[in-house]
J.: 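Dropping a structure here in structure tokens format, bear with me for questions.
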Amino acid sequence: MFKNNLSQVYAWLLITPALILMGLFTHIPSFTTLISSFFSTGTKKFPSKFIGFENYELALDDPIFLEAVLNNLWYAVATIIPSVFLAILMALFVDSKIKGRVLVRMAYFTPTILPMIAVSNIWLFFYTPEIGLIDQIAINLGFGSQNWLGDKETVLNCLILITIWKEAGFFMIFYLAALQNIPPELKEAAKIEGASKYYFFRRITFPLLMPITLFVVINATLNSFKLVDHLFILTKGGPDNASNLILYYIYESAFSFLDSSYAATLTVILLLILAIVSIVQFVLFDKRIHYR
Amino acid sequence: MSFIELNDVAKYWGDVKAVEKFNLEIEEGDFVVLLGPSGCGKSTTLRLIAGLESVSSGEIIIDGQNVNNLDPSLRNISMVFQSYALFPHLSVQENIIFGLKVRKVNKEDRETKLASVAEKVGLSKLLGRKPSELSGGQRQRVALARAIINENPICLMDEPLSNLDAKLRHQMRAEIRSLQKDLKITLVYVTHDQTEAMSMADKVVLMNEGEIVQQGKPKILYEEPENTFAAKFIGNPPMNLINLEFDNDNDENFIPIDDEKFFVNKKYVKKTILGIRPEDFEISKKGIKCKISDIDYQGADVVLSLKMGKQAIYARFESKIIDEISDHVFLTWDKKKSHYFDFESGIRDN
Ligand SMILES: Nc1ncnc2c1ncn2[C@@H]1O[C@H](COP(=O)(O)OP(=O)(O)OP(=O)(O)O)[C@@H](O)[C@H]1O
Ligand SMILES: [Mg+2]
């Protein structure tokens, strides 16, 4: 009994440092965020006071916020699916026995190691009207000039393209590792039975990659709500909020409009969205995943 | 013309020789075992027959057709891998009928075949499980079932029993053998375990360094090894190989024992090797005195490690002799059971 108690004490002592850090930097801030979302932002004249769900009602009526949410949903879907698809393709490609595959792997991985800010600068050079790379080619081919980042129609998709470009190589690494874990005899066994490459991929490789796919999709989802560095360089959410994303709008609310309570409210909503999405993904995938 | 023929087949990986000068004929319905030490090219040979590797030179003929460039799936073969190669996310049932589904066999036929095969290998109650929920022996059976459900005339197995414990291995040997006879499959089986080879094969193909050393019925390999490699590889413990000296005065070969010469009634002018199986020794007062260095008690039998002169040998006896021996024994043997090999080339020279 005594011994048991002692080991309990040890256990608690051992997790205490981690608990303190987590509490200090994760749980307490989350909790205070939740609290402050129910208060108004204090100024010298009007000190902060409890206003219940008023901030939330405000948010749901805020057309900019709603546009940011819609933008973000499209941004998530349109980055995740192609980047996962590309990642699998690239992984299959560099997993095969081609010459110079080490070089190709590195080439695919390069966008991942660049900071988002650097990436934005590179793409700025592509997208700039008239003198940018895309326009130079387009003009030489006889097409007109296009303000890619200045046009409401194209701006969001341009950002999506950058994100896909950056993320696919990263996800490829996970798929590549998983592919190399699949014993080569499986392919041989299927080959002897006469299974085509596509059939083998559909019935064996892809299902065996499911745990990775879940991991990658959740990561990609979180990233699509978390990663807004490129907005600062490229569009600042414009034109006319056409490329505004939730997190960037939260940042604007807090630091440009100095409405920290409203920013807290939006943060809580964002957390809610993320939690729901993650749970749905887990439940959807769980039925089809074979963990080894 | 034989059912499967390998004519002068060779396989190289760059400069590495895996298989060379390989000539083998396999009759329909035969159980052929490729036997040899690790790295001698057994798996490579099997994979060449399967079409998972292509030959560097020579030709492989199956049922009268040159299959050198034929896809594995068109060679009418099935294969059992050492690792079983089961699909981990598919149930036992889906694993077994994988090939039938690939070939779009209709559902009714699939179910009938599945039922009969599962019955044969004793998996009927486990069809819904995943491979990870099976024991090693059960996985082995799934691999077997997957191989036989296609009713291919040829089956290739690469060390299928090496992951099983001794008892189960023994049982599976008999089962595989009876399945093979029942279904009249031509079976090419790879192992490095000579006991397994001897007990299962119609024909053993003994390999070393990519080449065939000797092929034939197990009895032939045991009784008439063609060279010292075959002599040393087969038998447990293997055949004793004793270096003989030649005595010019008596014109006869002898075993040197300290200062004495023990003559063996043979006249080889060159240096020669005498081979005697451990079980062919007898204890007799007239024999050669051998010092016992170790006694390995195995139940019914006992294996003695002995020193015959300076040379180490093994002898196998019924274990009841154990009470009668102390630190040495006197050994003789039936001269008809002597094997002689050339000292330089190692080739049989009886
Ligand atoms: N893919 C490969 N690339 C290069 N060399 C190889 C390859 N596969 C086999 N070898 C070489 O060919 C030779 C024969 O190999 P193989 O796998 O056929 O041996 P084995 O008789 O099956 O041995 P084991 O009993 O250990 O399985 C070995 O020297 C091996 O190193
Ligand atoms: Mg092998």
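Since the model is a prediction, treat every value here as computed from it, not as a measurement. Chain letters run A, B, ... following the sequence lines, proteins first, then strands; residues in each count from 1. For the numbers below, each heavy atom of this structure counts, side chains included, while hydrogens, waters and symmetry mates do not.
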J.: More than 12 heavy atoms of other residues, nucleotides or ligands under 6.0 Å from NZ of A:Lys197: yes or no?
T.: no

J.: Under 4.5 Å heavy-atom distance to chain A, tell me which part of B:Arg47 shows up: side chain, backbone, both or neither.
T.: side chain

J.: Which atom names give the shortest non-hydrogen contact between A:Glu193 and B:Val102, and what distance separates them?
T.: O-CG1, 3.6 Å

J.: Does atom CZ of A:Phe170 have more than 12 heavy-atom neighbours from other groups under 6.0 Å away?
T.: no

J.: Do other residues, nucleotides or ligands put more than 12 heavy atoms under 6.0 Å from the CD atom of B:Glu119?
T.: no

J.: For atom CZ of A:Phe31, is the number of surrounding heavy atoms from other residues, nucleotides or ligands below 6.0 Å larger than 12?
T.: no

J.: How about A:Trp12: does its CH2 atom have over 12 heavy atoms from other parts shown lying under 6.0 Å from it?
T.: no

J.: Please look at B:Leu86 and chain A and tell me whether the side chain, the backbone, both or neither of the residue comes under 4.5 angstrom of a heavy atom of that chain.
T.: backbone

J.: Between B:Leu90 and A:Ile204, which heavy-atom pair has the shortest distance, and what is it?
T.: CD1-CD1, 4.1 Å

J.: So which heavy atom on A:Leu186 is nearest to which on B:Phe87, and how close?
T.: O-CE2, 3.7 Å

J.: Step through the shown structure and confirm whether more than 12 heavy atoms of other residues, nucleotides or ligands are within 6.0 Å of OH on A:Tyr199.
T.: yes

J.: Can you name the salt bridge (Lys or Arg N to Asp or Glu O under 4.0 Å) partners of B:Glu5, sequence neighbours left out?
T.: none

J.: What's the spacing between A:Lys191 NZ and B:Met79 CE if we round to 0.5 Å?
T.: 11.5 Å

J.: First locate atom CG of B:Asp71, then atom CD1 of A:Ile192, and finally report the distance between them rounded to the nearest 0.5 Å.
T.: 10.0 Å

J.: Only pairs of heavy atoms separated by less than 4.5 Å count here; which of B:Gly99, B:Ala143, B:Ala147 has the most with chain A?
T.: B:Gly99

J.: Are the side chains of A:Arg203 and B:Glu94 in contact, using a 4.5 Å heavy-atom criterion?
T.: yes

